Amino acid sequence: MFIIMSLCSSASAQTPGIATYYTPPYVPSACNGNQDDGVMIAALSEGLYNGGANCGTYYQVTCTGGTNEGTPHPCLGTGPVTVKIVELCPSPGCKGDIDLSQEAFEAIADTASGSIKIDYQQL
């Protein structure tokens, strides 16, 4: 029984982080060039991007809170959003772990906040 419990907890392991958002155009992308991957997409910070190894993977992202006093409660309470990784969010401009498309960010939080606290996991 211990093994089953261990597997269940690892399957739902989420990592806390920060999400920001970027606006269209979304093509071309670092991962897929001129391929249109829709709007439920995201970019990863350099560490998570792993030299492009995470291109095409999917992440589940949940808003957990605000990062600034201007919008102290940005989360919409709509649950998580699933995004496909298509881009690199390079430093020093990257201000978070995951840079969501504007549409993905709008699905979970108020864009006026600019950035949010999140829990995320690779699917």
Side-chain angles (χ1 to χ4, degrees):
M1 183 177 265
F2 175 73
I3 295 172
I4 293 171
M5 292 172 68
S6 176
L7 289 173
C8 290
S9 64
S10 66
S12 63
Q14 295 197 3
T15 304
I18 301 293
T20 54
Y21 72 92
Y22 65 110
T23 58
Y26 301 129
V27 176
S29 70
C31 295
N32 298 320
N34 289 318
Q35 176 180 315
D36 183 356
D37 288 297
V39 296
M40 300 310 275
I41 55 175
L44 293 177
S45 63
E46 288 180 342
L48 293 172
Y49 187 71
N50 194 21
N54 281 320
C55 282
T57 60
Y58 288 85
Y59 277 71
Q60 186 177 63
V61 182
T62 304
C63 181
T64 60
T67 60
N68 62 63
E69 294 179 9
T71 312
H73 305 290
C75 301
L76 300 179
T78 54
V81 65
T82 300
V83 292
K84 181 180 181 180
I85 303 307
V86 300
E87 192 64 77
L88 166 66
C89 183
S91 60
C94 194
K95 304 294 184 203
D97 301 292
I98 300 178
D99 198 23
L100 299 169
S101 67
Q102 181 175 344
E103 292 83 353
F105 194 98
E106 287 173 340
I108 59 171
D110 181 352
T111 55
S113 64
S115 67
I116 53 172
K117 294 178 184 175
I118 57 167
D119 284 337
Y120 66 91
Q121 68 181 12
Q122 185 175 350
L123 301 177

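Every value quoted in this text rests on a predicted model; they were computed, and no experiment measured them.
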Side chains of [X] and [Y], heavy atoms from C-beta outward: is any pair under 4.5 Å?
X      : Y      : answer
Pro16  : Asp119 : yes
Asn32  : Lys84  : yes
Tyr120 : Leu48  : yes
Tyr49  : Asn54  : no
Val27  : Gln35  : no
Ile108 : Ile116 : yes
Gln102 : Tyr26  : yes
Val81  : Met40  : yes

Compare every heavy atom of [Y] with every heavy atom of [X], then report the nearest pair and how far apart it is.
X      : Y      : result
Pro80  : Gln60  : CB-CG, 3.5 Å
Cys75  : Gly65  : SG-N, 3.3 Å
Tyr22  : Ala43  : CE2-N, 4.1 Å
Ile98  : Ala42  : CG2-CB, 3.9 Å
Ala13  : Gln121 : O-OE1, 3.0 Å
Phe105 : Asp110 : CE2-O, 3.4 Å

Determine yes or no for a side-chain-to-main-chain donor-acceptor pair under 3.5 angstrom, with [X] supplying the side chain and [Y] the backbone.
X     : Y      : answer
Thr64 : Lys117 : yes
Thr67 : Ser115 : yes
Ser29 : Val86  : yes
Asn50 : Gly52  : no
Thr78 : Ala107 : yes
Glu87 : Ala30  : yes

Open item on the list: Within the 3.5 Å criterion, strictly below it, is a donor on Asp99 or Thr20 matched to an acceptor on the partner's side chain?
Closed with: yes
How many angstroms lie between atom [atom1] of [X] and atom [atom2] of [Y], to the nearest 0.5 angstrom?
X      : Y      : atom1 : atom2 : answer
Glu103 : Ile41  : CD    : CD1   : 7.5 Å
Tyr59  : Thr82  : OH    : OG1   : 13.0 Å
Ile18  : Ile118 : CD1   : CD1   : 7.5 Å
Leu88  : Cys94  : CG    : SG    : 7.5 Å

Open item on the list: Quick check: is Ile85 connected to Val39 through a chain of hydrophobic side chains (ILVMFWY, heavy atoms under 4.5 Å apart)?
Closed with: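 Linked, Val39 and Ile85 end up in one cluster.
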